[in-house]
Number of protein chains: 4
Amino acid sequence: MTADPETPLRADARRNRDQILAAAREVFATQGPEVPMEEIARTAGVGIGTLYRRFPDRDSLIRAVARASFAQVLDDTRSAATEEPTAWDALVRLVNRSHQLQASVHLSLTSPRAREVLHGDPEIEESRDELLAEFARIVEAAKAEGTMRPDVDAGDVVVLTAMVLHRPPGALATAVLAFDRAVAIVLDGLRARPGGTPAGSSLPGRPITVDDLGASALRGGADTAAGRRPTR
Amino acid sequence: MTADPETPLRADARRNRDQILAAAREVFATQGPEVPMEEIARTAGVGIGTLYRRFPDRDSLIRAVARASFAQVLDDTRSAATEEPTAWDALVRLVNRSHQLQASVHLSLTSPRAREVLHGDPEIEESRDELLAEFARIVEAAKAEGTMRPDVDAGDVVVLTAMVLHRPPGALATAVLAFDRAVAIVLDGLRARPGGTPAGSSLPGRPITVDDLGASALRGGADTAAGRRPTR
Amino acid sequence: MTADPETPLRADARRNRDQILAAAREVFATQGPEVPMEEIARTAGVGIGTLYRRFPDRDSLIRAVARASFAQVLDDTRSAATEEPTAWDALVRLVNRSHQLQASVHLSLTSPRAREVLHGDPEIEESRDELLAEFARIVEAAKAEGTMRPDVDAGDVVVLTAMVLHRPPGALATAVLAFDRAVAIVLDGLRARPGGTPAGSSLPGRPITVDDLGASALRGGADTAAGRRPTR
Amino acid sequence: MTADPETPLRADARRNRDQILAAAREVFATQGPEVPMEEIARTAGVGIGTLYRRFPDRDSLIRAVARASFAQVLDDTRSAATEEPTAWDALVRLVNRSHQLQASVHLSLTSPRAREVLHGDPEIEESRDELLAEFARIVEAAKAEGTMRPDVDAGDVVVLTAMVLHRPPGALATAVLAFDRAVAIVLDGLRARPGGTPAGSSLPGRPITVDDLGASALRGGADTAAGRRPTR
DNA sequence: TATGAATGAGGTTTCATTCAT
DNA sequence: GATGAATGAAACCTCATTCAT
């Protein structure tokens with residue numbers, strides 16, 4: 001009996017846990033979040049029992065993967081904001097880098113099942129709120145420095161970013177290029193115009209703030225306001 | 001036994017088939033393509049046996065739904081090209097309308113399972129090729145009329161369009177607005193600039209043609225060349 | 001679609017349901033209520049899927065078996081009360097017959113699992129209450145006719161009856177005899193004495209009524225007040 | 001390696017063993033003999049590994065619990081025979097006390113699994129035989145002293161005692177009272193009548209001796225000759 | 001020695017598909 | 001032709017037992 005539930009986990013157990021998480025991230029990415037648990041276990045190189053010891057059911061595994069991803073994205077966002085000379089550069093870096101590091105987010109957004117599960121997880125909600133705040137800071141700064149068109153707000157940018165992150169895994173050379181170009185085009189759409197917004201390019205409605213994304217945000221704003229689904 | 005397999009289907013049978021198709025589209029859209037067949041039958045108001053009589057297995061149902069969707073998109077694209085005064089208007093109409101009419105396409109793109117199934121369906125390949133051709137025509141025309149930036153090609157537009165169509169179902173008012181704005185911003189990114197492409201906005205690589213999407217196209221170019229498939 | 005959930009069940013379905021119930025009764029009786037579902041299905045001669053179609057999980061099967069048993073016991077009790085010349089004869093018949101017909105009750109009382117599940121099933125509670133009422137009538141009549149000792153009440157008799165019904169299945173000839181004798185001895189203990197209760201034979205406490213068994217009765221009074229167990 | 005397997009066990013090891021045994025008795029009593037081993041370990045406050053070091057598998061634990069219980073009952077029986085003034089008093093004390101001390105016996109009798117396991121354990125068989133012998137002595141004595149009806153034999157008494165010990169765990173005040181009364185009534189049934197057995201009260205068959213319980217005894221006579229065993 | 005991690009067999013349950021009514 | 005019952009393969013998950021720390 002080692003007692004308290006927060007015991008840091010024996011070395012080997014820790015390793016296994018990490019392998020499972022990595023395997024799940026990968027397998028979820030390629031096959032969706034309904035893959036047989038056994039496939040995940042096999043990929044991780046552990047027995048099915050071990051998997052279940054660490055994550056008592058599929059949902060808890062999905063949650064763990066999503067948490068790790070979100071934490072990563074948040075990290076990246078902060079690094080970008082800190083390290084890049086301008087807010088615009090930070091944004092560019094984010095939408096370009098994230099596609100490698102956090103394609104995993106995309107999974108969190110992809111399946112009805114995953115959305116269901118993630119909805120309301122407190123740790124995730126927290127990461128998300130921090131992420132939105134960070135984004136808002138960057139967008140404000142970019143508008144202030146005159147690199148971003150003034151008629152958008154952080155919510156708009158988040159939606160576009162989510163759209164862009166929605167990129168599928170696995171990719172041919174051409175596809176990667178195509179994708180990078182698409183991102184560049186989207187960024188062009190966001191950039192401030194020398195002479196102000198030209199006629200005919202005014203955006204519908206009003207700027208979307210992160211608060212508009214509100215209770216839904218990435219999960220629901222960009223990827224749409226889920227509207228709770230039946231739990232089965 | 002009534003006759004050859006091409007008999008146009010009795011009226012009630014026809015009705016059943018359509019109901020099933022409609023139900024499947026809806027249920028796939030909200031719950032993903034792995035929903036229990038019985039759920040689809042129930043939604044359609046028919047017995048499970050009837051469903052199976054019309055569509056001998058899940059894949060064939062997925063295919064039928066996808067075919068109908070593709071046909072629709074193609075139709076829309078042609079109408080837009082014909083009816084709108086400029087190529088740019090046609091494009092704008094497409095990316096805006098399609099999001100209502102053919103959000104269903106998105107499903108075809110969403111799940112690994114669906115992609116797997118659709119891959120190589122001749123009827124779908126054909127629709128897709130026609131669609132790409134149509135797109136290419138529109139894009140060429142837009143560049144010729146000076147409304148679209150000259151450094152893109154149809155493949156780029158297809159990728160962006162697919163990105164934009166990837167919108168999830170269910171939506172709060174704000175989310176819809178956010179989405180329309182995002183589309184507008186993307187279009188701004190595609191539009192020709194009065195003084196030519198400004199410094200710093202040059203796109204990476206070279207224009208992507210529909211041929212680059214080649215063997216993959218919507219299924220693989222936009223949504224990427226699937227790469228690893230489940231082994232099962 | 002046949003609609004309404006009360007459709008009387010197709011003939012073959014009905015037959016299957018009955019076979020499953022019979023098989024479950026038997027298998028529960030010999031192996032306890034934790035036997036593999038597959039064993040039950042096999043005994044019933046149906047596929048495991050069929051079993052699950054009729055009884056969505058083990059608990060619901062346990063409940064169904066218990067309901068049928070209780071209904072039977074109630075029936076027997078009423079017949080006995082009606083058909084036997086004296087209340088005492090009715091009682092004798094009950095404790096003797098029931099051991100053949102309703103040994104099944106005993107199962108309902110035997111395992112913690114079963115008790116857990118049955119606790120609070122409305123249909124069962126109802127049968128039980130009617131059963132208790134019937135018992136009370138018989139006991140009153142027996143006391144009135146002078147065949148039962150006056151210092152007991154129906155609750156006492158119920159407890160003894162439950163005790164006596166607790167007989168295990170399967171039995172060697174000797175064991176059966178031993179059992180019948182035990183029942184006879186218990187009955188002797190209940191019978192009125194010619195000269196009144198002899199000194200030294202007065203019972204502790206006060207007569208137990210069916211109301212004392214109250215919310216618990218057979219399930220909890222005789223077989224003891226369960227005291228809700230963890231549900232796991 | 002410390003020494004031969006009979007080394008009396010280090011103090012802490014001893015303590016662990018006892019805790020496990022106590023925990024097992026309790027948990028078996030409330031949840032049946034199929035509880036997860038980990039539950040037992042947890043209740044005992046030891047690791048699962050420790051449990052398995054002491055008792056190499058579940059059956060061996062069941063056996064250990066049963067042996068301890070049987071030994072206790074035997075002890076009690078001897079004490080009662082020695083300390084009580086009459087054989088009848090000894091019997092009364094047994095059936096009343098045992099219900100507190102050895103309700104555990106009942107568990108040994110309760111589940112098909114437990115019976116299976118205990119069947120043929122030499123130590124248990126031995127305790128049982130001694131127990132039966134002791135019982136026989138008491139019953140003979142009681143008949144000789146004129147307190148017990150002459151038409152019964154020790155086997156009858158054993159069967160009734162087992163019946164009476166079959167009391168479930170957990171109990172409301174009323175239930176306890178009800179139970180004590182039931183025991184009293186059963187004893188009344190066993191007691192000699194002043195004027196001999198009255199007409200209509202003659203018992204069926206012939207007196208059951210402990211030898212009749214023979215190969216089955218408590219395990220099979222009272223709780224009946226198991227008959228069909230699981231095939232597995 | 002005590003512990004708790006890892007394992008995998010086995011039981012439960014779901015659901016795609018077939019088939020009798 | 002429509003229906004819903006039956007089937008069994010396959011996924012989920014639990015837990016007895018073994019083994020590394």
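Values reported hereafter were calculated over all heavy atoms of this structure, with side chains retained and with hydrogens, waters and symmetry mates removed. Residue numbering restarts at 1 for every chain, and letters A, B, ... go by the order of the sequence lines.
One interatomic measurement links the two molecules: CZ of C:R42 to C1' of F:dG8, which rounds to 14 Å at whole-angstrom precision. Between the CZ atom of D:R14 and the C1' atom of E:dA2 there is a distance of 18 Å, given to the nearest Å. Across the protein-nucleic acid pair, D:E34 atom CD and F:dT14 atom P stand 17 Å apart, rounded to whole Å. Rounded to whole Å, the distance from CD1 on A:I48 to P on E:dA5 is 17 Å. Look at CG on C:D12: it is 17 Å from P on F:dT3, rounded to the nearest Å. Between the OH atom of A:Y52 and the P atom of F:dT14 there is a distance of 8 Å, given to the nearest Å. In this structure, C:R113 atom CZ and E:dG11 atom P are separated by 14 Å, rounded to whole Å. Look at CD on C:E38: it is 12 Å from P on F:dT7, rounded to the nearest Å.
Remark: C:T50 is not in phosphate contact with F:dA5, judged by side-chain N or O atoms under 4.0 Å from OP1 or OP2. Dashed line: the shortest gap from a side-chain N or O of A:N16 to OP1 or OP2 of E:dA5 is not under 4.0 Å. Contact annotation: A:R15 does not reach the phosphate of E:dA5 (side-chain N/O to OP1 or OP2, under 4.0 Å).
In this structure E:dA16 sits in a base pair with F:dT7, meeting the Watson-Crick or G-U test at under 3.5 Å.
Across E:dA5, E:dT1, E:dT12, the shortest atom-to-atom separation from the side chain of D:R53 is found for E:dT1. In this structure, of E:dT13, F:dA16, E:dT1, it is F:dA16 that holds the atom nearest to the side chain of D:R58. Of the candidate nucleotides F:dA5, E:dT3, E:dA6, E:dA6 has the atom nearest to the side chain of A:R54. Closest to the side chain of A:D57, out of F:dC13, F:dA16, F:dA2, is F:dC13. Out of E:dA5, F:dC15, F:dA2, the shortest distance to the side chain of D:P36 is found at F:dC15.
Without hydrogens or angle criteria, B:S69 side chain to B:V65 main chain gives a donor-acceptor distance under 3.5 Å. Using modelled atom types, no side-chain atom of C:R54 and backbone atom of C:R14 make a donor-acceptor pair closer than 3.5 Å.
Residues D:G49 and A:G49 both approach DNA chain F. Their nearest nucleotides, taken by heavy-atom distance, put A:G49 toward the 5′ side. When the nearest nucleotides of DNA chain E are assigned to C:M37 and A:G47 by heavy-atom distance, the more 5′-ward of the two goes with A:G47.
You'll find the side chain of B:F55 reaches within 4.5 Å of the side chain of B:R17, heavy atoms only. By the 4.5 Å heavy-atom criterion applied to side chains, D:R15 and D:Q19 are counted as neighbours. Within the 4.5 Å cutoff, side-chain heavy atoms of C:R67 are placed close to those of C:R63.
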